[in-house]
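Heads up: numbering here begins at 1 and tracks the sequence.
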Amino acid sequence: MSKITELLNQDMAAINLGLERFYDDLKAQRVECAQVNWKPPAANQDKIASLLAGLKDR
């Protein structure tokens, strides 16, 4: 049996970062999983606000 086949035949376990909807879908499928509430750091919030404002105007 190939290593890929062995891997795909194992039970899945996942760590979800961010969007809780993905975690909910995994739990609904009885996948062993953990949810981590993570957001990327906003290093330059002024620049980000400016870029988002530009998108809003489009």
Side-chain angles (χ1 to χ4, degrees):
M1 185 180 314
S2 74
K3 295 219 181 246
I4 292 289
T5 303
E6 288 179 35
L7 178 65
L8 295 175
N9 284 327
Q10 295 178 8
D11 290 336
M12 180 189 296
I15 298 172
N16 184 62
L17 303 174
L19 296 176
E20 197 166 339
R21 175 63 191 191
F22 293 140
Y23 171 76
D24 294 339
D25 289 343
L26 290 168
K27 290 298 278 185
Q29 296 175 58
R30 296 182 178 10
V31 173
E32 182 181 348
C33 55
Q35 170 66 22
V36 177
N37 187 13
W38 179 84
K39 295 178 183 175
N44 187 344
Q45 292 183 1
D46 294 333
K47 182 175 181 178
I48 292 169
S50 173
L51 290 170
L52 289 174
L55 289 174
K56 184 179 177 182
D57 295 336
R58 290 183 180 193

Hits for side-chain contact (heavy atoms from CB on, under 4.5 Å) against Asn9, two or more places apart or cross-chain, chain-then-number order -> Met1, Thr5
Tell me, please, which residues at least two apart from Leu17 pass side-chain contact (heavy atoms from CB on, under 4.5 Å). Ile15, Val36
Minimum heavy-atom distance between Lys27 and Cys33, given as atom pair plus value: CD-SG, 3.3 Å
Report the residues that fulfil side-chain contact (heavy atoms from CB on, under 4.5 Å) with Ser50, sequence neighbours left out, ordered by chain and then residue number. none
Quick check on Glu6: does its CD atom have over 12 non-hydrogen neighbours (other residues, nucleotides or ligands) under 6.0 Å away? yes
Identify the two heavy atoms, one from Asn16 and one from Phe22, that lie closest to each other, and give their separation to 0.1 Å. OD1-CB, 3.5 Å
Apart from Leu26 itself, what residues make up its hydrophobic cluster when side-chain heavy atoms of I, L, V, M, F, W and Y under 4.5 Å apart count as a link, directly or indirectly? Met12, Val31
Taking only residues two or more places apart in sequence or in another chain, which ones pass side-chain contact (heavy atoms from CB on, under 4.5 Å) with Asp25? Arg21, Gln29
Who else is in Ile4's hydrophobic cluster (ILVMFWY, side-chain heavy atoms under 4.5 Å, direct or via others)? Leu8
